**Q** 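Let me begin by handing over the structure; questions about it come next.
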Amino acid sequence: MRQVSRRSMVGGMTALALGAATRANASPRPHGSGKGACTVRHVVEKTWHTRQPTVMFPDLAQEFWDAHPEFWDPAEGRLVTRSLTWVLRRNNRVVLVDTGIGNNKERPGSPDFHQQKSRYLDLLGIRPEKVDLVINTHLHTDHVGWNTRLDRGRWVPTFPSATYVFPEADYEHFRDDPAVEDSVTPVIRAGKAVLWRGKRHRIDRDLVLESAPGHTPGASVLKLRDRAVFLGDLLHNPAQLLEPATNSFFCLDPAQARASRARVLDWAADTGAAVHPTHFPGGRITRTGHGFRLLD
């Protein structure tokens with residue numbers, strides 16, 4: 001791990017409280033009581049129609065999608081996706097997992113992300129200076145956007161009191177990407193970041209990042225004990241639960257991505273942990289056939 005900031009990280013997260021609420025910006029749900037209580041909710045920055053299913057998931061034939069209209073919008077012929085941030089709160093400490101698309105970002109090659117003007121901070125409902133920790137599961141453009149905001153022509157950390165945690169392998173791989181240049185590098189230059197590498201990075205007794213490469217070189221998941229795992233893009237769509245060998249066309253190393261997905265989903269099914277990706281809420285899962293399905 002390369003320490004870029006000496007600021008100590010948030011500590012003491014324990015129990016989980018959330019289901020697979022599908023409504024936007026689900027209300028926090030308490031789990032446990034007293035010192036160990038924790039609440040978790042998700043904030044929806046944006047919902048939009050994206051690619052045709054067989055373009056996004058080349059491994060799955062059209063016949064699969066015809067049999068599962070719940071996983072896409074057949075009337076439009078396209079998938080529907082969302083950009084979520086997961087918000088964990090314990091004892092007045094706040095952790096954000098992935099920060100979406102961001103406002104005012106130059107993304108001319110991605111019209112859905114270009115020069116967005118969203119109410120993300122209002123939806124978050126937390127003063128930026130009250131956020132203690134920001135975790136990016138990987139460094140794709142729709143996971144890092146609100147790391148920074150535009151201030152008099154300069155990109156500055158949106159959450160000035162927070163420590164940001166980035167996978168170093170992704171930073172090395174995507175260093176020259178515009179999203180990294182405007183949403184990651186300014187945080188590092190401000191001395192607010194920790195870059196980690198290896199198989200795991202423990203944040204405290206209850207929160208641990210584990211490497212889950214394939215989608216990107218530094219892709220990771222965040223485990224909250226055996227209560228939940230925040231997946232990033234290990235899953236893009238519930239279809240990948242039924243067919244866990246299915247990758248999106250964004251996965252840089254398909255074999256690694258399949259192995260990471262199988263390992264994490266097996267763990268979640270065995271422990272009863274809820275799975276929570278960045279593009280749909282997820283929930284607890286069980287095995288079915290050669291795959292899984294949501295229980296919640």
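Computed from a predicted structure; not experimentally measured. Numbers here are sequence positions counted from 1.
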**Q** Arg107: what forms a salt bridge (charged side-chain N to carboxylate O under 4.0 Å, His left out) with it, not counting sequence neighbours?
**A**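 Testing Arg107 for salt bridge (charged side-chain N to carboxylate O under 4.0 Å, His left out), a comparison that skips the adjacent residues, returns Asp182.
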**Q** Just wondering, do Tyr171 and Val180 contact through their side chains at under 4.5 Å, heavy atoms?
**A**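 Heavy-atom side-chain distance check passes, below 4.5 Å.
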**Q** Can you confirm whether Leu231 sits close enough to Trp86 that some side-chain heavy atom of one is under 4.5 Å from a side-chain heavy atom of the other?
**A**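 Counting from C-beta outward, Leu231 and Trp86 never come under 4.5 Å.
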**Q** Would you confirm whether the ring centroid of Phe280 sits within less than 6.0 angstrom of the ring centroid of His236?
**A**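 No: the rings miss the under 6.0 Å criterion.
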**Q** Output yes when Asp132 and Arg93 qualify as a salt bridge under the 4.0 Å nitrogen-oxygen rule, no when they do not.
**A**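 The answer is yes: the pair qualifies as a salt bridge.
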**Q** Using the ring centroid of each side chain, check whether His173 and His138 are separated by less than 6.0 Å.
**A**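 Distance test on ring centres: not under 6.0 Å, no.
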**Q** Are Leu121 and Leu96 joined in one hydrophobic group, where the rule is that I, L, V, M, F, W and Y side chains link up if heavy atoms are under 4.5 Å apart?
**A**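 Same cluster: Leu121 reaches Leu96 through Ile, Leu, Val, Met, Phe, Trp or Tyr contacts under 4.5 Å.
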**Q** Name all residues meeting the salt bridge (charged side-chain N to carboxylate O under 4.0 Å, His left out) criterion together with Arg119; count only those two or more places apart in sequence or in a different chain, and write none if there are none.
**A**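 Here the qualifying residues are Asp122.
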**Q** Treating Ser211 as the side-chain partner and Lys199 as the backbone partner, does any N or O pair qualify as donor plus acceptor under 3.5 Å?
**A**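 No, the answer is negative, given that no donor and acceptor are paired below the 3.5 Å cut-off.
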**Q** Give me the ring orientation class for Trp196 and His201: parallel if the planes are under 30° apart, tilted from 30 to 60°, perpendicular past 60°.
**A**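 If you compare the ring of Trp196 with that of His201, the planes turn out parallel.
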**Q** Kindly write out the residues that satisfy salt bridge (charged side-chain N to carboxylate O under 4.0 Å, His left out) with Asp151, not counting sequence neighbours, or none if the list is empty.
**A**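 Applying salt bridge (charged side-chain N to carboxylate O under 4.0 Å, His left out) to Asp151 gives none.
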**Q** Name the one of Thr137, Asp233, Asp170 that satisfies side chain to side chain donor-acceptor pair (under 3.5 Å) with His215?
**A**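 Between His215 and the candidates, side chain to side chain donor-acceptor pair (under 3.5 Å) is satisfied uniquely by Asp233.
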**Q** If you look at every heavy atom in Leu294 and Gly282, which pair is closest and at what distance?
**A**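 Smallest interatomic distance, heavy atoms only, reads CD2-C, 3.7 Å.
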**Q** Quick one: salt bridge (charged side-chain N to carboxylate O under 4.0 Å, His left out) pairs with a partner in residues 249-270, sequence neighbours left out?
**A**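 Counting only pairs at least two positions apart or across chains, the salt bridge (charged side-chain N to carboxylate O under 4.0 Å, His left out) contacts touching residues 249-270 are Asp59-Arg258, Glu210-Arg263, Asp266-Arg287, Asp270-Arg287.
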**Q** Mind checking salt bridge (charged side-chain N to carboxylate O under 4.0 Å, His left out) for Glu181 and listing every partner two or more places apart, or none if nothing turns up?
**A**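 With neighbours one apart ignored, the set is empty.
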**Q** If you take all heavy atoms of Gly232 and Asp98, which pair is closest and at what distance?
**A**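 Closest approach of Gly232 to Asp98, heavy atoms only: CA-OD2, 3.9 Å.
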**Q** Mind checking who shares a hydrophobic cluster with Trp72, ILVMFWY linked at side-chain heavy-atom distances under 4.5 Å?
**A**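 Other cluster members: Met56, Phe57, Leu60, Phe64, Trp65, Phe71, Leu79, Leu242, Phe249, Phe250.
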